[in-house]
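Below is one structure; the comments refer to it alone.
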Amino acid sequence: MADFRELPDLALRSLGGAVVYANDEAFAAKENLITPGRPVFDPAAFGSQGKVYDGWETRRRREPGHDEAVVRLGAPGVVHGVVVDTAWFTGNYPPEVAVDGARADGPVVDPTSLPWEELVPRSPVAGDSENAFAVDHPRPVTHVRLRIFPDGGVARLRVHGEALPDPELLDALGTVDLAALEHGGRVVACSNAFYGSPNNLLLPGPARSMGEGWENARRRDDGNDWVEVALVAEARLVLAELDTSWFLHNAPGWAALHGRTADGAEVELLPRTALQPDTRHRFRVPDTPVAQVRMDVYPDGGMARLRLHGRLTEAGCADLATRWSRP
């Protein structure tokens, strides 16, 4: 993997992440840690608590200890890296941070009591910077804990990784969208992402604007754009949804879907088919076991969402169960 930051942010609020605990948020709210987009700064913004920052900021400590916040991930998964972004915090950032992970198999009443395991050891960070840390931790987690030493402000916490759902819950849902980030789908390759990330295709819920979809640059050659999505495990698909909502004058003219089986063979799921702008298209697809799907758009253009509904095969269920229970 060239850069773990190309993987989706599992903590993002728009994926369902939530900051469920902070021991202090005197200057700025803990919820800002997982807000989508870059932090912003208004030098003239002051409130009753002091300077208004787009981040989480604690009071100045006058006793030993440290501050911490706990984030419930929008989708459980294997963390490959975290970014502790101290944007705009210059004289009030924490000199050191640490990040831990834990897995909960049900509702959590007290987040501080989770069985934490180290993801990032206590490490120095710079102010007004994206501090990136690679993580080598093969077990899936549902929560992460950010500890700052001793106090200060952090603008964003990004937790990049591969979503990995509980196999028992996924099986109980029956036919589900197996391309969804929350169900373990992930983008593995993409021709172009000039205007919007292909990870947007797999987010939950409908897109609320064109900016929440995948959009490539205008093509000036004879080729076409494409994106490849790996399902969480081998599955039999029954329905594909190609959603061009909000793309009025820049939707693809046509699209096609091809699946790849576990042994690498390619199968046609949807032949090249005309699309309409600003429309949710639904297509039945052949009942064939596939592990990966490629969507080609012709010649270019934007797509809001890609949904691939189906059920895991017996082999897919066994594979997912092994990865979920990895010691």
Side-chain angles (χ1 to χ4, degrees), residues 1-15 34-40 54 74 80-81 83 85 87 129-130 132 155-156 158-163 177 179-182 185-231 240-258 260 270 272-281 292-308:
M1 186 189 312
D3 188 343
F4 67 75
R5 284 169 288 195
E6 296 178 1
L7 294 170
D9 176 7
L10 302 179
L12 205 61
R13 180 62 187 170
S14 53
L15 184 59
I34 58 173
T35 301
R38 293 285 301 140
V40 297
D54 183 11
H80 289 275
V83 177
D85 187 351
S129 303
E130 291 187 359
R156 299 288 189 268
R158 304 305 190 196
V159 183
H160 297 276
E162 300 176 48
D177 175 13
L181 283 178
E182 62 183 328
R186 59 189 177 92
V187 173
V188 293
C190 175
S191 62
N192 184 276
F194 190 86
Y195 289 111
S197 169
N199 286 320
N200 290 342
L201 290 168
L202 313 185
L203 288 175
R208 296 170 296 179
S209 71
M210 188 172 67
E212 293 189 355
W214 166 55
E215 186 181 0
N216 43 63
R218 298 191 187 206
R219 275 202 169 257
R220 306 305 188 190
D221 56 26
D222 295 330
N224 72 280
D225 285 305
W226 49 268
V227 63
E228 294 181 359
V229 176
L231 308 179
E241 180 178 309
L242 281 60
D243 185 357
T244 59
S245 292
W246 300 102
F247 290 92
L248 299 175
H249 309 291
N250 50 353
W254 304 265
L257 296 174
H258 289 84
R260 190 174 299 279
L270 178 72
R272 179 167 169 160
T273 302
L275 300 181
Q276 297 295 315
D278 196 23
T279 301
R280 294 173 65 187
H281 306 78
Q292 190 167 308
V293 174
R294 171 175 166 136
M295 177 176 68
D296 286 271
V297 296
Y298 302 92
D300 54 34
M303 188 80 66
R305 296 288 187 264
L306 172 64
R307 309 297 192 200
L308 300 171

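- What you find for Arg307 and Leu203 is that their closest heavy atoms are NH1-O, 2.9 Å.
- Separating the CD atom in Gln276 from the CG atom in Leu248 is a distance of 12.0 Å, to the nearest 0.5 Å.
- Judged by distance alone, the side chain of Thr279 and the main-chain N or O of His281 form no donor-acceptor pair under 3.5 Å.
- Glu215 contributes atom CD, which lies 12.5 Å from atom OG of Ser197 (distance to the nearest 0.5 angstrom).
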Inset, instruction - Determine, step by step, whether Glu228 and Met295 satisfy the side chain to side chain contact (heavy atoms under 4.5 Å, CB included) criterion, reporting the C-alpha distance in whole Å, the side-chain angles of both residues, the deciding distance to 0.1 Å, and the verdict. - result: CA-CA 6 Å; Glu228 294 181 359; Met295 177 176 68; over 6 Å; no

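- When every heavy atom of Ala255 is checked against every heavy atom of Leu242, the shortest pair comes out as CB-CD2, 3.6 Å.
- Exactly one of His160, Glu6, Glu162, Arg5 qualifies for a side-chain hydrogen bond (donor to acceptor under 3.5 Å, both in side chains) with His80. That residue is Glu162.
- Taking 4.5 Å as the limit, every side-chain heavy atom of Pro8 sits out of range of all side-chain heavy atoms of Leu202.
- Asp278 approaches Ser245 most closely through the heavy-atom pair OD1-CA, 3.3 Å.
- A heavy-atom distance below 4.5 Å is not found between the side chains of Asp225 and Pro299.
- Between Leu231 atom CG and Arg260 atom CZ the span is 12.5 Å, to the nearest 0.5 Å.
- Looking at Val297, Leu306, Val187 one by one, the single match for side-chain contact (heavy atoms from CB on, under 4.5 Å) with Trp214 turns out to be Val297.
- Using modelled atom types and a 3.5 Å distance limit, the side chains of Asn216 and Asp300 yield no donor-acceptor pair.
- Here the closest non-hydrogen pair linking Ala87 and Arg38 is CB-NH2, 4.0 Å.
- Note that the CD1 atom of Ile34 and the CZ atom of Arg158 stand 9.0 Å from one another [nearest 0.5 Å].
- Asp177 CG to Arg305 CZ: the interatomic distance, rounded to the nearest 0.5 Å, is 10.5 Å.
- The shortest side-chain heavy-atom distance between Asp85 and Pro39 falls under the 4.5 Å cut-off.
- By the neighbour-count criterion of 12 heavy atoms within 6.0 Å, atom CH2 of Trp226 is densely surrounded, having more than that number from other residues, nucleotides or ligands.
- A pairwise comparison of heavy atoms in Phe194 and Asn192 identifies N-OD1, 3.1 Å as the closest pair.
- In this structure, Gly161 and Leu7 approach most closely via the heavy-atom pair O-CB, 3.7 Å.
- Contact check on Asp296 versus Arg272 returns no salt bridge, with no Lys/Arg side-chain nitrogen under 4.0 Å from an Asp/Glu carboxylate oxygen.
- The distance from atom CG of Asn200 to atom OG of Ser14, rounded to the nearest 0.5 Å, is 8.0 Å.
- Judged purely by atom type and a 3.5 angstrom limit, Arg186 has no side-chain atom pairing as donor or acceptor with the backbone of Val229.
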Inset, instruction - Take Glu212 and Met210 through the side chain to side chain contact (heavy atoms under 4.5 Å, CB included) test and state the conclusion after the steps. - result: CA-CA 5 Å; Glu212 293 189 355; Met210 188 172 67; over 6 Å; no

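- In terms of modelled atom types and a separation under 3.5 Å, the side chain of Arg156 and the main chain of Thr35 share a donor-acceptor contact.
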